[in-house]
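The basis for the numbers below is simple: all heavy atoms, side chains too, and nothing from hydrogens, waters or symmetry mates. Quick note: residue numbers are just sequence positions, from 1.
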Amino acid sequence: MAHGDLDVPPLRSGGALAAPARGVGVVRHVVTFGRVLREVGIEVGPGRVLDALRGLGAVDLTRQEDVYFALRQTLVSRQDELELFDRAFAAWFLRAPVVPLVRRQDLRRGPDPVRDTLDPTAPGDDAAGGPTSELGASVQELLREKDFALMSADEFRRCRRLLEAVARSRPLRASRRRQPDPRGDRLDLRRLIRRSLRSGGDPVEQPWRARKLVPRKVVVLADVSGSMDAYARALLLFLHALVGSGRGVEAFAFGTRLTRLTPDLATRDPEAAIARATEAAVDWGSGTRIGASLAEFNAVYGRRALSRGAVVVIVSDGWERDDPGLVGRELARLQRAAYAVVWVNPLKGSPEYQPLAGGMQAALPFVDRFLPGHNLRSLEELASVLAGIERRHAA
């Protein structure tokens, strides 16, 4: 890392600033970087920031590796935070087109030890064959923007962890049960009486309660017909991560018929889950009967109140080979029971896309949110929408 990349002066050994005015720049960079780390989920308090400043005072700031390891040693405490740190470091400090941070095995020490490196010869090429350093972006950022239809099997393996993080963003609802909360809206009378006994019957302390927030039910209906084949693997990885995010998630596949995939995706091994789900959906890669599949879901699972109060996510390109009117009628029925209906269409990721398919046109009047689903970035948008979704129509 060149000295100009950091745009801060070096520190004296021991952490003392070389000059008061120049030292302010160092502190500002590290403090802001700490905020960046907190945004990606790494706990960084004032103590760690101070340790990081001391660490930088003991290294040469003109050496990229020294800065990287000084910050990582002082700001990261868990193994699962390393990837998040690398992403944040690349985004904040490596804004110029420089070699991204990668992790590879040190073959000189055998196949097991893993050495962290900033070696420019380390593998970091994108699928098109050009080094990611020329693009000035980290591997993760490239994966976020790349269309699922263009990803290789290796790229799917690398983005699996990112998909899992996206799937953890579940919509919440207020439970009927209440829990202690100092900002609650209702007094906890039992605790109030018990605590008042300590003060001779005077209600000095006023304990409050609020409704507990719990994950809302999520139902995903995924189109696995031939027209969606290019996005099938990414879709199954996302469904597997969503089912593994906790209770209250149901996953279905449909082509010419409806298939419940929840038990097949419940295994921890994603590859085994994908194999079982593919085997379960016997109409995989066939035609599309969206309306009939929705009718079957409403008739069989709607009666079990599976969709009542749930956020229903339909992933499909909207191509219907039967009567498009049936799609509208069954979706209207589904919307009356569900909390909200979200339609995810991978084709919407194209700037030239228009919802001209008959099934898509029939569905849109009954859809609360219409989103793309062609890459990781669009699924992150989906997670954000789900986390704060509200009903378009009053219950």
Trainee: Is a donor on one side and an acceptor on the other found under 3.5 Å between the side chain of N375 and the backbone of E145?
Mentor: yes
Trainee: In the structure I gave you, are the side-chain heavy atoms of V341 and F366 within less than 4.5 Å of one another anywhere?
Mentor: no
Trainee: Could you work out, with salt bridge (Lys or Arg N to Asp or Glu O under 4.0 Å) as the rule, every residue matching D147, not counting sequence neighbours?
Mentor: none
Trainee: Taking the side chain as everything from C-beta on, heavy atoms only, tell me whether L37 gets closer than 4.5 Å to F89.
Mentor: no
Trainee: Spell out, as yes or no, whether a donor-acceptor pair under 3.5 Å connects the side chain of R216 to the backbone of G309.
Mentor: yes
Trainee: Flag the pair Q361 / P324 as yes when at least one side-chain heavy-atom distance between them is below 4.5 Å, and no otherwise.
Mentor: no
Trainee: Apply side-chain hydrogen bond (donor to acceptor under 3.5 Å, both in side chains) to E381 and list each qualifying residue two or more places apart in sequence or on a separate chain.
Mentor: none
Trainee: About how many Å separate CD of E296 and CG of L258, when rounded to the nearest 0.5 Å?
Mentor: 4.5 Å
Trainee: Looking at residues at least two apart in the chain, or sitting in another chain, which of them share a side-chain hydrogen bond (donor to acceptor under 3.5 Å, both in side chains) with T288?
Mentor: S225
Trainee: Tell me every residue that passes salt bridge (Lys or Arg N to Asp or Glu O under 4.0 Å) with E330, counting only those two or more places apart in sequence or in another chain.
Mentor: R333
Trainee: Within this structure, what is the CD-CZ distance for the pair E250 and R304, rounded to the nearest 0.5 Å?
Mentor: 9.5 Å
Trainee: Quick one: pull up CZ in R276 and CG in D269 and give me the separation to the nearest 0.5 Å.
Mentor: 10.5 Å
Trainee: In a table with atom names and distances, give each donor-acceptor pair under 3.5 Å that connects a side chain of residues 351-358 to protein atoms at least two apart or in another chain.
Mentor:
residue	atom	partner	partner atom	Å
E352	OE1	S350	OG	3.0
Y353	OH	N345	ND2	3.1

Trainee: Name all residues meeting the side chain to side chain contact (heavy atoms under 4.5 Å, CB included) criterion together with A230; count only those two or more places apart in sequence or in a different chain, and write none if there are none.
Mentor: A149
Trainee: Any side-chain heavy-atom pair from L56 and V67 closer than 4.5 angstrom?
Mentor: yes
Trainee: From R336 CZ over to S307 OG, what is the distance, rounded to the nearest 0.5 angstrom?
Mentor: 11.0 Å
Trainee: Do the side chain of K217 and the main chain of R308 share a donor and acceptor less than 3.5 angstrom apart?
Mentor: yes
Trainee: Let me see the working for L294 and L221 under side chain to side chain contact (heavy atoms under 4.5 Å, CB included), right down to the final yes or no.
Mentor: CA-CA 9 Å; L294 290 175; L221 304 174; 3.7 Å; yes
Trainee: What do the steps show when you test R289 against E320 for side chain to side chain contact (heavy atoms under 4.5 Å, CB included), and what is the final call?
Mentor: CA-CA 6 Å; R289 301 179 62 205; E320 171 63 280; 4.3 Å; yes
Trainee: Tell me whether R48 contacts the main-chain N or O of E43 through its side chain, where contact means a donor paired with an acceptor under 3.5 Å.
Mentor: yes
Trainee: Evaluate the side chain to side chain contact (heavy atoms under 4.5 Å, CB included) criterion for residues W343 and L331: first the C-alpha distance (whole Å), next the side-chain angles of each, then the deciding distance (0.1 Å), finally the verdict.
Mentor: CA-CA 11 Å; W343 194 293; L331 199 57; 4.0 Å; yes
Trainee: Yes or no on side chain to side chain contact (heavy atoms under 4.5 Å, CB included) for I42 and F85, after CA distance, side-chain angles and deciding distance?
Mentor: CA-CA 8 Å; I42 300 178; F85 176 85; 4.1 Å; yes
Trainee: With D229, which residues qualify under side-chain hydrogen bond (donor to acceptor under 3.5 Å, both in side chains), at least two apart?
Mentor: none
Trainee: Side-chain contact, heavy-atom cut-off 4.5 Å: F156 with L163?
Mentor: no
Trainee: Do other residues, nucleotides or ligands put more than 12 heavy atoms under 6.0 Å from the CZ atom of R160?
Mentor: no
Trainee: I'd like to check D317 versus M360 (side-chain heavy atoms, cut-off strictly below 4.5 Å). Are they in contact?
Mentor: no
Trainee: Using the test salt bridge (Lys or Arg N to Asp or Glu O under 4.0 Å), find all partners of E380 that sit at least two apart in sequence or belong to another chain.
Mentor: R144, R377
Trainee: Looking only at heavy atoms, which two atoms of L235 and A222 are closest? And how far apart?
Mentor: CD2-CB, 3.4 Å
Trainee: Can you list every ring-ring contact (aromatic ring centres under 6.0 Å, His included) pair that touches residues 273-295, not counting sequence neighbours?
Mentor: none
Trainee: For L326 versus G291, what's the shortest heavy-atom pair and its separation?
Mentor: CD2-C, 3.6 Å
Trainee: Looking at every non-hydrogen atom in both residues, tell me the closest pair between L371 and K348 and how far apart they are.
Mentor: C-CD, 3.8 Å
Trainee: Which heavy-atom pair separates L265 from A251 by the least distance, and what is that distance?
Mentor: CD1-CB, 3.9 Å
Trainee: Work out which heavy atom in S378 is nearest to a heavy atom in P372; give both atom names and the distance.
Mentor: CB-O, 3.6 Å
Trainee: So how far is it from I314 CD1 to L334 CG, rounded to the nearest 0.5 Å?
Mentor: 6.0 Å
Trainee: According to ring-ring contact (aromatic ring centres under 6.0 Å, His included), does anything in residues 287-310 pair up with another residue at least two apart or in another chain? List the pairs.
Mentor: F252-F297, F252-Y301, F297-Y301
Trainee: Does Y68 belong to the same Ile/Leu/Val/Met/Phe/Trp/Tyr cluster as V31, with side-chain heavy atoms less than 4.5 Å apart forming each link?
Mentor: yes
Trainee: Check whether any side-chain heavy atom of R329 sits under 4.5 Å from a side-chain heavy atom of D323, and report yes or no.
Mentor: yes
Trainee: Show every donor-acceptor pair shorter than 3.5 Å between a side-chain atom in residues 237-248 and any protein atom, with sequence neighbours excluded, or say none if there are none.
Mentor:
residue	atom	partner	partner atom	Å
H240	NE2	T267	O	2.7
S245	OG	R170	NH1	3.3
S245	OG	L242	O	2.6

Trainee: By side-chain hydrogen bond (donor to acceptor under 3.5 Å, both in side chains), which residues pair with T278, not counting sequence neighbours?
Mentor: none
Trainee: Can you see whether D223 engages S316 through a side-chain donor-acceptor pair at a distance of less than 3.5 angstrom?
Mentor: yes
Trainee: Is there a path of hydrophobic side-chain contacts, each under 4.5 Å between heavy atoms of I, L, V, M, F, W or Y residues, that connects L364 with V312?
Mentor: yes
Trainee: I'd like to know if V300 and F254 are part of one continuous hydrophobic network [Ile/Leu/Val/Met/Phe/Trp/Tyr, side-chain heavy atoms within less than 4.5 Å].
Mentor: yes
Trainee: Donor-acceptor check, side chain of D368 to backbone of V342, threshold 3.5 angstrom: yes or no?
Mentor: no
Trainee: So, do F148 and L379 sit near enough that their side-chain heavy atoms are less than 4.5 Å apart?
Mentor: yes
Trainee: Looking at E81 and V76, would you say the former's side chain and the latter's main chain have a donor-acceptor pair under 3.5 Å?
Mentor: no
Trainee: For L261 versus A280, what's the shortest heavy-atom pair and its separation?
Mentor: CD2-CB, 4.1 Å
